[in-house]
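Notes follow once the structure below has been shown.
Letters A, B, ... mirror the listed sequences (proteins, then strands); counts begin at 1. The model shown is predicted, which means the values in this text are computed figures rather than measured ones.
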Number of protein chains: 2
Amino acid sequence: MSVRASRHATLLEVAREADASKTSVSRYFGGERERLSPALRQRIGEAARRLGYRPNQIARGLKGGRSRLLGMLVADIRNPYSIAVMHGVEQACREHGYSLLVANTDNDPAQERTHLALLASYRVEGLVVNVAGSPTRELQDMADQGLPLVLLDRWLAEVEADVVGLDNPLAIDMAVDHLRRQGYRNLLFLSEPLGQASPRQQRWQRFEQRLADEPTLYGERRAPPLGGEAVEDVVRDFLARTGRSAALLCANGNVTLAATRALQALGVPLGEVGLLGIDELDWCGLVPPGISTLAQPTEAIGRAAVQHLLARLDDATQPPRRTLYPARLNARGSTRLEGLNDNKEWQ
Amino acid sequence: MSVRASRHATLLEVAREADASKTSVSRYFGGERERLSPALRQRIGEAARRLGYRPNQIARGLKGGRSRLLGMLVADIRNPYSIAVMHGVEQACREHGYSLLVANTDNDPAQERTHLALLASYRVEGLVVNVAGSPTRELQDMADQGLPLVLLDRWLAEVEADVVGLDNPLAIDMAVDHLRRQGYRNLLFLSEPLGQASPRQQRWQRFEQRLADEPTLYGERRAPPLGGEAVEDVVRDFLARTGRSAALLCANGNVTLAATRALQALGVPLGEVGLLGIDELDWCGLVPPGISTLAQPTEAIGRAAVQHLLARLDDATQPPRRTLYPARLNARGSTRLEGLNDNKEWQ
DNA sequence: GCTCACAATGGGAACGTTCCCATCCTAGGT
DNA sequence: ACCTAGGATGGGAACGTTCCCATTGTGAGC
């Protein structure tokens, strides 16, 4: 009985201790216990416990190529949407015996490339990607090498991979319908600058399309920079020209935040000017009279991403799938034109 | 020239392609380029580029024990505080050539144990731990095995490890000072149930202590469950008994959220009853007239955690350090007794 | 009683690195 | 010219697994 060295016990040590072969011990921990006789099984179990043995995942990953690691590349880790999805991804990983290696790019395309390479070097078995730029080349290479890939929310037309996210056209339809039903007639669609982000583009386009089909509605689209006074200016201008029954439709959480600030700065009461945001945020219920939102089923989206990965790990040949979820409407005071209006929408 | 197999190029293949030995290639990628002659260096560089070679971190980790992985165990990944700190940790990791393996326990002690074991099995070189329960035994074992450990925010008295977090007594002092200066005289300290969480206990104790030193102030402490009506009841009761110049001091972000809801439900205007929260949140500036907070320097805390890890990796013998940061006061409308009061505090 | 299938077990070669230790060569000191 | 120090390079073992392929033992079928 020696002083416990400050190192980890190995498979071989357990084998010796249990008077078994390393193969048997490997089987014990590799989920093939039923192949072992009860006696041997017990000896190994005890020896392992005595030695505090834990299989070394690194070594495991090396031999079998099974790193049991899934990677997630996040464009902006501070975005509540990303977090919520990540939570779903992480849970699903855990349930399937995987661990999650997270890389955050802070929306920097250069970092994105670096991190992609990094994740690859850890031989992750699959990758959930929320792209910032357009690392088309890198992603296609990885896909070609047989690495299962899921594009989250944002997708790249050129990359053949599964896509999981929100049904954006439907979300815009729901938004426009809701606003119209609540009595708003002049809609301002506010987005962040479109850039490469596919959801922004989709929402932007669908809004236009939808407006064309609605003779009773008037609409405009703007994508001002979120930083300075731009949002406030745009909103002030719009309200001045359209007067009553105006509403803002915010394309994502950041915009909702900026728009809320702008309306507060302009001294316009929420509801009198409608405000509907895509993405649910903690505080939306708190700003009186409550900000209406279209919530994304983030948890489900995260889990779905992992499921796609696992399915593809199982059968690499499936054609790319696209899984889109509907948004859920949280109607609050910010889309009630007059305090005593119809209350049917409320839940 | 063969069809590129769907596998990764290996060190050996690069060596063959460059007509060099694997040792030389290993040196090239292991940061010992200066030991190679310029000619060889160039050959290897070109061969590697041609083959798209990337060192396999898994294999690296196996031989040298250098997994280049740092682990982070988070009690609640959806908590904005955790996220913010994680962002700092992740950045610091990246800057030092490490990757981050994140595990979320959802505040479940059982999961916590599991995940701790999991992280260990990936042979992370250091661990940032934001404990949920009291995995004292596991942590001490890991520390004994020579694994650098940093306790984040919450600490366990029994575990010998570095601690990084907020200077809680100082934060309470700042809070009490600010509230007194703003004219509040009756303070209600609201916390989540204390449990094992050291910061909650520290804040709770310091409040009592501080109140004892302030004859001009009256104070009470409560830790109601956050779920139902309890917070509202506690607040209503307190306000009924103390009347004017009452203020709530919220021990963390969750409590601030609950307290804000309660005050809104009671129809009490913010400011008339003071509200000061520990932890800055996105929406604190949005709820009129703005909620005052004590912000934690989360980014710095995250970076400090990694620095401690690296320092200990460098010299395992250092005694445990404790690094505490002061909070920063964001004074807003919720701690202005009357609209036209002194404005000195505003920034 | 002999063969054969099959269950239980073990030996050894990978996996892709790192690192210790040669080996070779050249230039400098004598 | 000879010895040697030291720079450049390479060979091989190890890291802790998994997995292919034996090797043993046991009872059923003939």
### Query
Taking the side chain from B:Thr10 and the backbone from B:Leu12, do they hold a donor-acceptor pair closer than 3.5 Å?
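Here the side-chain-to-backbone pair exists.
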### Message
Treating A:Glu112 as the side-chain partner and A:Gly133 as the backbone partner, does any N or O pair qualify as donor plus acceptor under 3.5 Å?
### Response
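At least one qualifying donor-acceptor pair exists.
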Whole-Å distance between [N] [atom2] and [X] [atom1]?
X	N	atom1	atom2	result
B:Arg68	C:dT18	CZ	C1'	13 Å
B:Ile44	D:dA8	CD1	C1'	12 Å
B:Glu34	D:dT9	CD	C1'	15 Å
A:Gln57	D:dT17	CD	P	10 Å

Modelled atom types, side-chain donor and acceptor of [X] and [Y], under 3.5 Å:
X	Y	result
A:Ser24	A:Ser21	yes
B:Glu46	B:Gln42	yes
B:Gln140	B:Asp144	yes
B:Arg312	B:Gln318	no

### Task
Give the angle between the helix axes at the two ends of the helix from C:dG1-D:dC30 to C:dT30-D:dA1, taking five base pairs at each end and rounding to 10°.
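So the angle between the two local helix axes works out to 50°.
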### Message
Please report the interatomic distance CG(A:Leu156) to CG(A:Leu139), rounded to the nearest 0.5 Å.
### Response
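It is 6.5 Å, given to the nearest 0.5 Å.
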### Task
Determine, for nucleotides 9-16 of chain C in 5'-to-3' order, which nucleotides have protein heavy atoms under 4.0 Å from the base (write B), from only the sugar-phosphate (write S), or from neither (write -).
BBBBBBBB
#### Entry: Listed partners of B:Tyr98 passing ring pair (Phe, Tyr, Trp, His ring centres under 6.0 Å), at least two apart
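B:Tyr98 satisfies ring pair (Phe, Tyr, Trp, His ring centres under 6.0 Å) with no other residue.
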